[in-house]
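Excluded from the calculations below are hydrogen atoms, water molecules and symmetry mates; all remaining heavy atoms, backbone and side chain alike, are included. Residue numbers begin at 1 in each chain, while the letters A, B, ... track the order of the sequences.
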Amino acid sequence: MPELPDLQVFGRNLNKKLSGKKVKKLTVKNRSKLKTPVAKLKKAIEDAKLKRIEREGKELYFYFSNGNVLSLHLMLHGKLSLFEKANKEKYTILEFLFDDDSGLALTDFQGKATPTLNPEEKNAPDALSKEAGQKFLKDQLAKKRTAIKAFLLDQHNIRGIGNAYADEILWEAGISPFSIANKIPDQKIKLLAKSIRSVLQKAEKQILKTHPGLISGEIRDFLKIHNSKQKKSPTGGAIHNKTLGSRITYYTDEQEVYK
DNA sequence: GTGCGTGTTAAACT
DNA sequence: CAGTTTAACACGCA
């Protein structure tokens, strides 16, 4: 459910609340998405001190003082929740119990949220990383014949952009989501690179302001285009919606189509 | 009651 | 064959 800016806020808040604590117990209640044997995971994490938490793409990486890293991907419906002593959530995937009897649970009614021990390094750059700039986009877009929105959503290309923010970014850049990736002119690619950063960073600030302690859910009520409550863009263009790749896409005629 | 929304992947398609 | 597209997952929420 959450997208990059939400996850960025979760990471900040979890850091504040949890870093420095030692894991007393790790319990796995649903191991269907876990590729590591439970015993191995417990051995890697139990008794280790949680150093820090960082967002990577759409995942949260938990770094431990013994060098191990546990990544949590919330997928569509994963939720994090803090508890004292005992976790009472339904649909729990796994739970940490720290040495002060506080705890963190990962739950998902769909069972799709995915924990990964020591994830491999990914090739695709994070959307907010330095590498994901104009030059990178120009090189990659030249190779692709898909719609630009499909490109942005594919985590093998660039990591962290989801359905809602893809629409916001493309509106900001003045590019139609239906534009073909390798038909977009250089000066628009430059705008796209800028928009990715500015839209995501502004959203993070906004969420932090209105929901300072957030560690789960998603806040999207302030979105300008991907928002069923908005009829017009800030510059007055009527907002249309259409399905693209089995997902709803909001856009206006202010965005140029390159085909 | 009813339909929409969110990310990824396996499977289908071109 | 390889690149691209889609349906399915199953519930909470409005």
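For A:Phe109 and A:Leu153, each mapped to the nucleotide of DNA chain B holding its nearest heavy atom, the one lying further toward the 5' end belongs to A:Phe109.
When each of C:dC9, C:dC11, C:dT5 is scored by its nearest atom to the side-chain atoms of A:Ala150, the top-ranked nucleotide is C:dT5. Side-chain proximity of A:Lys112 to the nucleotides C:dC11, C:dC9, B:dT8 is greatest for C:dC9. The side chain of A:Tyr91 lies closest to C:dG12 when the candidates are C:dC9, C:dG12, B:dG5. Checking C:dT4, B:dG5, B:dT8 against every side-chain atom of A:Lys144, the shortest atom distance belongs to C:dT4. Minimum atom distance to the side chain of A:His156 is reached by B:dT9, of the listed B:dT9, C:dT5, C:dC9.
With respect to A:Asp47 and A:Lys24, no salt bridge is recorded, no charged nitrogen being found less than 4.0 Å from a carboxylate O. A salt bridge is absent between A:Lys58 and A:Glu3; no separation between the charged side-chain nitrogens and carboxylate oxygens falls under 4.0 Å. For the pair A:Glu95 and A:Lys25, the salt-bridge criterion is not met [side-chain N within less than 4.0 Å of a carboxylate O]. In summary, A:Asp99 and A:Lys21 do not engage in a salt bridge, as defined by a charged side-chain N under 4.0 Å from a carboxylate O.
For C:dA10 and B:dA11, the P atoms lie 16 Å apart once the distance is rounded to whole Å.
One finds a side-chain N or O of A:Lys58 lying less than 4.0 angstrom from the OP1 or OP2 phosphate oxygen of B:dT8. Not one side-chain nitrogen or oxygen of A:His77 sits closer than 4.0 Å to the OP1 or OP2 atom of C:dC9. Taking only side-chain nitrogens and oxygens, A:Tyr250 never comes nearer than 4.0 Å to OP1 or OP2 of B:dC4.
Atom CG in A:Leu76 sits about 15 Å away from atom C1' in C:dC13, given to the nearest Å. For the pair A:Asn163 CG and B:dC4 C1', the interatomic distance rounds to 12 Å; values are reported in whole Å. The interatomic distance linking A:Lys229 (NZ) with C:dC13 (C1') rounds to 12 Å, in whole Å. Rounded to whole Å, atom C1' of C:dG3 lies 12 Å from atom CG of A:Asn157. A straight line from CG of A:Asn30 to C1' of C:dA10 spans 13 Å, rounded to a whole angstrom. Atom-to-atom, CD1 of A:Ile180 to C1' of C:dT5 comes out at 13 Å; the value is rounded to the nearest Å. Across the protein-nucleic acid pair, A:Lys242 atom NZ and C:dT6 atom P stand 13 Å apart, rounded to whole Å. Per the geometry, CZ belonging to A:Phe151 stands 14 Å off P belonging to C:dG3, to the nearest Å.
Ring-plane geometry between A:Phe178 and A:Tyr251 is classed as perpendicular, the angle between the planes exceeding 60 degrees on a 0 to 90 degree scale with a lower cut at 30.
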